[in-house]
Amino acid sequence: MKKVLLLLFVPLLLSACTGKKDDPVPEKPETPVTPSGGEEEGKVFFRRALAMDFTATWCQYCPQMAQAVENAQKLRPGRIVDMAVHVDDAYSSDQTNALADLLEIVYFPSLVFDMDKTTLFNEQNASRLTAYVDKMSAKDACGIAISWKSGKVNVKVKAAVSGTYNLTVAVVEDKVISTQQGYGSNYENRSLVRDFLTSSAEGVSLGTLKAGAEASKTFPRAAAENQRIVAYVLKGSKCVNAATCNVNEEIAYTYEEDD
């Protein structure tokens with residue numbers, strides 16, 4: 001695929017790409033956080049944004065985007081489920097490279113929310129990411145419940161509105177040490193995509209679900225240290241919710257707090 005490290009000749013993105021690795025990532029000070037959701041049944045499912053961070057070990061500025069995502073998650077607890085999608089390096093795969101092509105990723109680093117290529121970000125800035133989270137609506141979000149126990153991953157999806165749904169289940173890994181351009185041989189990766197349990201990043205069909213209907217899928221997957229499940233649901237081509245689950249854990253449906 002065509003790939004371009006975001007360099008100084010991109011005038012509109014100049015300020016985002018000229019920093020050194022030790023430069024701080026801007027944050028929004030004193031920003032009120034949103035609630036992290038609860039398991040008590042409510043009217044609206046808790047909405048999480050899916051952040052796909054397209055990265056590579058050869059990309060000097062990509063760690064700054066990863067730091068911006070981490071900062072944004074601290075500012076908006078529970079609202080962002082991230083995936084570090086490696087492209088054209090030792091951690092990439094045919095599926096991750098195909099996903100980059102699908103979302104028309106050219107410059108690195110790039111981040112796309114909710115499988116919607118019109119949301120593409122190149123700036124490594126937490127406040128820009130939280131701005132997207134603050135504008136997203138939970139009105140049509142589906143519910144997602146996950147368990148990863150006894151060598152099996154089970155994902156349940158409950159529709160809030162009628163429509164055709166697809167489910168994608170990925171395995172991500174934290175604490176992966178690698179050599180990173182500009183950062184040496186001891187760089188620690190988080191949320192690195194290791195595998196897709198579904199056939200592709202676009203998922204498997206759940207069919208047409210009526211509002212309130214539930215569908216489930218089960219996948220074999222042995223437990224592994226530092227790995228997590230990320231499940232996200234597409235309605236049409238856009239992600240309408242996402243969730244993550246550790247090994248030997250169970251994540252129930254969660255709901256927005258009532259006003």
Side-chain angles (χ1 to χ4, degrees), residues 34-52 76-83 85 95 98-99 102-104 111-120 129 131-148 152-172 193 196-221 228-245 249-259:
T34 53
S36 57
E39 294 182 11
E40 183 175 350
E41 188 167 349
K43 296 179 181 178
V44 179
F45 289 110
F46 187 76
R47 175 73 159 95
R48 305 175 187 89
L50 175 69
M52 288 184 170
R76 298 295 183 272
R79 287 291 184 185
I80 301 174
V81 176
D82 65 314
M83 300 171 60
V85 184
Q95 290 174 315
L99 181 56
L102 176 68
L103 295 177
E104 300 178 5
L111 184 143
V112 172
F113 275 116
D114 293 331
M115 291 284 286
D116 180 358
K117 61 187 177 184
T118 67
T119 69
L120 188 146
L129 306 184
Y132 174 86
V133 174
D134 291 343
K135 290 189 294 185
M136 69 182 184
S137 171
K139 182 179 66 172
D140 295 334
C142 66
I144 302 177
I146 314 172
S147 69
W148 187 5
K152 293 182 180 180
V153 174
N154 179 259
V155 182
K156 295 188 294 184
V157 175
K158 185 177 288 188
V161 295
S162 298
T164 301
Y165 291 85
N166 273 38
L167 168 68
T168 300
V169 181
V171 178
V172 302
V193 175
F196 287 92
L197 302 188
T198 48
S199 57
S200 75
E202 295 178 271
V204 296
S205 176
L206 297 177
T208 300
L209 302 178
K210 294 182 178 180
E214 183 181 72
S216 67
K217 295 286 184 181
T218 300
F219 308 87
R221 183 70 181 194
R228 293 180 284 112
I229 294 300
V230 169
Y232 58 90
V233 177
L234 303 178
K235 183 175 181 287
S237 61
K238 305 293 176 60
C239 176
V240 292
N241 217 344
T244 185
C245 178
E249 285 192 353
E250 185 171 349
I251 305 298
Y253 292 126
T254 54
Y255 300 85
E256 299 284 350
E257 294 181 359
D258 293 333
D259 295 331

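One is the number of the first residue; the rest follow in order along the sequence.
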**Q.** Verdict with reasoning, V153 to T218, per side-chain contact (heavy atoms from CB on, under 4.5 Å)
**A.** CA-CA 6 Å; V153 174; T218 300; over 6 Å; no
(Q) Checking R76 against L129 for the side-chain contact (heavy atoms from CB on, under 4.5 Å) test, could you report, in this order, the C-alpha distance in whole Å, the side-chain angles of both residues, the deciding distance, and whether it holds? (A) CA-CA 10 Å; R76 298 295 183 272; L129 306 184; over 6 Å; no
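- When all heavy atoms of M115 and K238 are compared, the closest pair comes out as O-CD, 4.3 Å.
- No donor-acceptor distance shorter than 3.5 angstrom exists from the side chain of S162 to the backbone of K210, with no hydrogens or angles considered.
- Heavy-atom minimum distance, S200 versus T168: O-CG2, 3.8 Å.
- A donor-acceptor pair under 3.5 Å is formed between the side chain of Y232 and the backbone N or O of A201.
- What you find for C245 and S147 is that their closest heavy atoms are SG-CA, 4.3 Å.
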Q.
For V240 and D140: C-alpha separation, side-chain torsions, deciding distance, then whether side-chain contact (heavy atoms from CB on, under 4.5 Å) applies.
A. CA-CA 7 Å; V240 292; D140 295 334; 5.7 Å; no
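- Looking at residues two or more places apart in sequence or on another chain, you find a ring pair (Phe, Tyr, Trp, His ring centres under 6.0 Å) between Y132 and F113.
- Between L50 and V230 the shortest side-chain heavy-atom distance falls below 4.5 Å.
- Salt bridge annotation for K156-E250: absent, with no cationic side-chain nitrogen under 4.0 angstrom from a carboxylate oxygen.
- Counting only heavy atoms from C-beta outward, the side chains of K217 and V169 never approach each other to under 4.5 Å.
- Not counting sequence neighbours, K152 has no partner by the salt bridge (charged side-chain N to carboxylate O under 4.0 Å, His left out) test.
- A 4.5 Å side-chain heavy-atom check between K139 and V161 finds every atom pair outside the cut-off.
- Remark: side-chain polar atoms of N166 are not paired, donor with acceptor, to backbone N or O of L234 under 3.5 angstrom.
- A distance-only check finds no donor-acceptor pair linking the side chain of R79 to the backbone of A49 [under 3.5 Å].
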**Q.** Trace of the side-chain contact (heavy atoms from CB on, under 4.5 Å) decision for F46 with N241
**A.** CA-CA 8 Å; F46 187 76; N241 217 344; 5.8 Å; no
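- For the pair A231 and I146, the tightest heavy-atom approach, listed with the atom from each and the gap, is CB-CD1, 3.8 Å.
- Between the side chain of E256 and the backbone N or O of K43, no donor-acceptor pair lies under 3.5 Å.
- R48 pairs in a side chain to side chain donor-acceptor pair (under 3.5 Å) with only one of the listed residues (D114, T254, T244), which is T254.
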